[in-house]
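This report refers to the structure that appears directly beneath it.
This one's a predicted model, so the numbers in the text were calculated from it and none came from an experiment.
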Protein chains: 2
Amino acid sequence: MNLTNAWNILKDNGFKETSKRNQILELFANDERYLTARDLLDVMQKDYPSMSYDTVYRNLATFVSLGILEETELSGERHFRMQCESDHHHHHFICMDCGKIKEIPVCPMDMLGAALPAYEIANHKFEIYGKCPECK
Amino acid sequence: MNLTNAWNILKDNGFKETSKRNQILELFANDERYLTARDLLDVMQKDYPSMSYDTVYRNLATFVSLGILEETELSGERHFRMQCESDHHHHHFICMDCGKIKEIPVCPMDMLGAALPAYEIANHKFEIYGKCPECK
DNA sequence: AAGGTAAATCGTAATCATTATTATTAGAAA
DNA sequence: TTTCTAATAATAATGATTACGATTTACCTT
């Protein structure tokens, strides 16, 4: 996902182009790490001192619902990052030091074909945590 | 994990036997679902109207650190349940309706033997969410 | 270009889960 | 029983997130 794609999706769904929205998206486009609402606010208040939490959270919710951002919960806080480009389902290794991620092409659900008959599976979560080569 | 085991561990580590502690453990022993701090408090305040959050959270932290309870994050809230009896590493299916769990004997890390060389893996999370046969 | 309208934002307060603080109570060892 | 210390109660503080009324802005229409 890049800036252009994101704006196409937003426009298609009737969302207006605002400078705040654009800067939030730019921050994600230039950062492969997972970021919190506070991370965003801290950076953005340099350019827009009046930026409020409401604006940040409202836009994050919009972006997630449109599939522009993906979200996960790390140590009790919601974290966001650009939706991956790769078109096939995958999971993530997340570095607990620098926050960078690495795609894991394997999905454990592939092995569980008939392991849960009678169960209705809605979704699943698989994440690996540790240190990336640079941080080790 | 059962009550007796839990108390053995607590005693071995110098923790005192109190009625609050015992009731918290009994609630977990009789409920296979994941519970929140609020779930516990709501039930326990019937017997102990003066029960406070501090007591609940402090004991939850103790129990988790001693391996009596296990913890996971579900929709932004910390949830707890008795540590499973099974001695070998596994994961969980969690019913989003009734909260009951089912053990999944497969671990995706088994498939990732040399998939992450140079990475230091600290831990991982694999959970499946959906509806159990009774709730479907 | 000007005006109208709904969306977006601001400023701030409220809420919810969790943690911290201080005084008091209660296990359990001597 | 006395004493020591862990455990608890009551309450306040914190931090993330959500809500709300007032204001501003994007953008559509004329």
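The side chain of B/Lys11 sits closest to C/dA28 out of D/dA10, C/dC10, C/dA28.
Within the structure, a side-chain polar atom (N or O) of A/Thr55 is placed less than 4.0 Å from OP1 or OP2 of C/dC10. Taking side-chain N and O atoms only, A/Ser52 has no distance below 4.0 Å to OP1 or OP2 of C/dG11. For the pair B/Tyr53 and C/dT18, the criterion of a side-chain N or O lying under 4.0 Å from OP1 or OP2 is not met. Considering only side-chain N and O atoms, A/Lys20 lies under 4.0 angstrom from the phosphate OP1 or OP2 of C/dC10. When the side-chain nitrogen and oxygen atoms of B/Thr18 are compared with OP1 and OP2 of C/dG27, none of them lie within a distance under 4.0 Å. Contact annotation: A/Arg38 side-chain N/O to D/dG15 OP1/OP2 distance is not under 4.0 Å.
Side-chain contact, A/Asn22 with A/Ser19: no donor N or O sits under 3.5 Å from an acceptor N or O. Using modelled atom types, one finds a donor on one side chain and an acceptor on the other under 3.5 Å when comparing A/Gln23 with A/Asp47.
Following rounding to the nearest Å, A/Asn22 (CG) and C/dA8 (P) show an atom-to-atom distance of 14 Å. Between the CG atom of B/Leu10 and the P atom of D/dA7 there is a distance of 9 Å, rounded to whole Å. Whole-Å rounding puts the B/Asp42 CG to C/dA17 P distance at 10 Å. Counting to the nearest Å, the P atom of D/dC28 and the CZ atom of A/Phe15 are 15 Å from each other. Across the protein-nucleic acid pair, A/Glu73 atom CD and D/dA16 atom P stand 13 Å apart, rounded to whole Å. Atoms OH (A/Tyr57) and P (C/dT9) sit 16 Å apart, rounded to a whole Å. Residue B/Glu77 contributes atom CD, which lies 17 Å from atom P of D/dA16 at whole-angstrom precision. C/dA17 atom C1' lies 14 Å from atom CG of B/Leu40, rounded to whole Å.
Residue contacts for B/Arg78: at a heavy-atom cut-off of 4.0 Å it reaches the sugar-phosphate backbone alone, with no base atom in range. If you check every strand for non-hydrogen atoms under 4.0 Å, B/Arg58 touches a base. At a threshold of 4.0 angstrom between heavy atoms, the contacts of B/Asp54 include nucleobase atoms, whether or not backbone atoms are also involved.
In this structure, the ring of B/Tyr119 has its center less than 6.0 angstrom from the ring center of A/Phe93. A centroid separation of less than 6.0 Å is found between the aromatic rings of A/His89 and A/His124.
Residue-to-nucleotide contacts include a donor-acceptor pair under 3.5 Å from the side chain of B/Lys16 to the base of D/dT5.
A salt bridge between B/Glu73 and B/Arg78 is absent, with no side-chain N of the basic residue lying under 4.0 Å from a carboxylate O of the acidic one.
Of the two residues contacting DNA chain C, namely A/Asn59 and B/Gly76, the nearest-nucleotide position lying further toward the 5' end is that of A/Asn59.
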